[in-house]
Amino acid sequence: MADQRKVGVLGGGQLGRMLIEAANRLNIQVNVLDVANSPAKQISAHDGHIEGSFKDAAKVKELAQKCDVVTVEIEHVDTHMLEEVAGQVTVEPSWKTLRTIKDKYAQKEHLKKYGVDLAESIDLEGKGTEGLKEVGIKFGYPYMLKSKTEAYDGKGNFVVKSEADFDAAIKALGGRPLYAEKWADFSMELAVMVVKTKDGVLSFPTVETVHEDSICKLTYTPPRNVSPATSQRAQDLAKKAIAAFEGKGVFGVEMFLLKDDSLLINEIAPRPHNSGHYTIEACPISQYDAHLRAILDIPIQSYQLRLKEPAIMLNILGAATPDSDKKVAQFALENSDASIHLYGKGDSRPGRKMGHLTLTRPTLHEAERAIQPLVDFVDEQKG
Ligand code: ATP
Ligand code: MG
Ligand code: MG
């Protein structure tokens with residue numbers, strides 16, 4: 001069976017690349033809008049790609065003309081052009097959803113309206129230092145100052161510990177549209193990949209995410225020392241959050257598990273997500289298969305999203321030297337049975353996501369034992 005429909009993707013990074021891996025298996029053509037030789041384009045040889053920026057309205061329009069369904073692998077896109085082309089081409093998820101989610105404050109106001117539990121936030125646009133002071137009075141310290149837009153890997157966040165931090169906070173983020181969030185004193189971070197289809201909302205299993213310097217380092221599925229009931233509550237909360245948005249596709253939902261066992265949403269990504277990479281090896285269909293199926297109305301059943309075997313995912317990040325990530329990949333190739341994914345990104349720099357690896361075992365305990373030498377090796381690269 002060859003599906004004749006063409007999918008367009010805004011962005012050609014690693015998420016687009018893994019989406020193409022899934023599409024290739026179903027013989028579905030994916031046209032990528034990004035710079036030449038971007039990771040996604042490297043594994044997809046046809047003349048349907050477009051060279052340019054996914055922030056360029058004219059290029060988005062050009063892509064739309066060549067496709068049946070347009071989707072995204074990044075939320076920092078031009079939603080106005082997507083709104084304009086939505087009459088001629090299907091845009092999934094909806095441009096309205098993308099517009100709301102790409103502004104983290106608007107995203108949170110939207111979720112609040114739908115009764116979804118999340119950290120309290122205060123708008124700070126146009127308020128300057130006086131605003132920072134008011135937040136301190138209302139939330140106490142520390143609190144988290146966040147850029148509403150263009151944030152990733154913690155770039156856009158600043159921890160305000162006291163009034164003495166105001167100058168540094170303004171210096172770090174002052175030029176950006178800001179809001180503040182009450183500090184979430186979490187015991188663990190969890191994530192759930194949710195799939196929104198034409199028929200309803202499904203979810204993959206709950207994952208524990210471990211961040212280092214605000215960048216995801218490891219994921220554990222199932223989460224360590226978390227009861228099945230709590231994992232189920234996380235899936236239910238994530239599904240409730242995504243039911244509040246229009247459109248189809250995979251959504252990554254990040255959550256805080258607080259010390260009193262309650263759950264709060266941290267943020268939502270309207271696309272496949274780093275914390276869902278484990279699904280490639282550990283679930284019958286991956287988050288990328290699911291995204292493609294959802295936007296093309298190919299049926300998905302909940303049993304296809306189950307965990308076949310416990311899994312740990314380790315990100316391969318740029319570190320102290322330009323070849324640190326290559327050394328990690330080499331070490332893993334030679335010393336483990338992990339599945340290794342390298343993204344073809346070219347130059348490495350500290351913290352840049354260059355690849356990841358996933359290891360599965362019959363129990364999470366065995367997976368933890370098996371991955372330990374790889375984690376140790378990664379830690380040695382920090383320099
Ligand atoms: P991503 O790469 O996931 O998009 P981001 O730049 O959008 O990251 P956030 O997810 O908002 O950033 O925050 C990054 C990390 O900072 C979180 O995973 C969490 O560890 C911490 N953090 C964020 N908000 C809070 C909060 N309100 N209280 C405590 N810690 C927080
Ligand atoms: Mg984010
Ligand atoms: Mg985040």
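Numbering of ligands and ligand atoms starts at 1, following listing order. The basis for the numbers below is simple: all heavy atoms, side chains too, and nothing from hydrogens, waters or symmetry mates.
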Peer 1: For the side chain of Ser336 and the backbone of Ala332, is there at least one donor-acceptor N/O pair under 3.5 Å apart?
Peer 2: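 Present.
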
Peer 1: Can an N, O or S atom be found in Glu267 less than 2.8 Å away from the Mg ion (ligand 2)?
Peer 2: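 Yes.
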
Peer 1: Can you tell me how the ring of Phe139 sits relative to the ring of Tyr143, calling it parallel under 30°, perpendicular over 60° and tilted otherwise?
Peer 2: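 Perpendicular.
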
Peer 1: Tell me the residues surrounding ligand 1, counting only those with a heavy atom closer than 4.0 angstrom, sorted by chain and number.
Peer 2: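 These residues qualify: Lys104, Met144, Lys146, Ala151, Tyr152, Asp153, Gly154, Lys155, Asn157, Glu181, Lys182, Trp183, Ala184, Phe186, Glu189, His211, Glu254, Phe256, Asn266, Glu267.
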
Peer 1: Which atom, among the N/O/S set of Glu254, is closest to the Mg ion (ligand 3)?
Peer 2: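 Restricting Glu254 to its N, O and S atoms, the minimum distance to the Mg ion (ligand 3) goes to OE1.
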
Peer 1: Salt bridge between Lys217 and Asp379, side-chain N to carboxylate O under 4.0 Å?
Peer 2: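 Here Lys217 pairs with Asp379 in a salt bridge, since their nearest N and O are under 4.0 Å apart.
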
Peer 1: Does the distance from a Lys or Arg side-chain N to an Asp or Glu carboxylate O, for Asp123 and Lys108, drop under 4.0 Å?
Peer 2: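 Not counted as a salt bridge, because no side-chain N and carboxylate O are separated by less than 4.0 Å.
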
Peer 1: Looking at Arg306 and Pro284, would you say the former's side chain and the latter's main chain have a donor-acceptor pair under 3.5 Å?
Peer 2: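 Checking the backbone N and O of Pro284 against the side chain of Arg306, no donor-acceptor pair under 3.5 Å is found.
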
Peer 1: Any side-chain heavy-atom pair from Thr230 and Gln235 closer than 4.5 angstrom?
Peer 2: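 No. Closest side-chain heavy atoms not under 4.5 Å.
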
Peer 1: Using a strict cut-off of less than 4.0 Å between a Lys/Arg side-chain nitrogen and an Asp/Glu carboxylate oxygen, indicate whether Lys382 and Glu212 qualify as a salt bridge.
Peer 2: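 Salt bridge: yes.
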
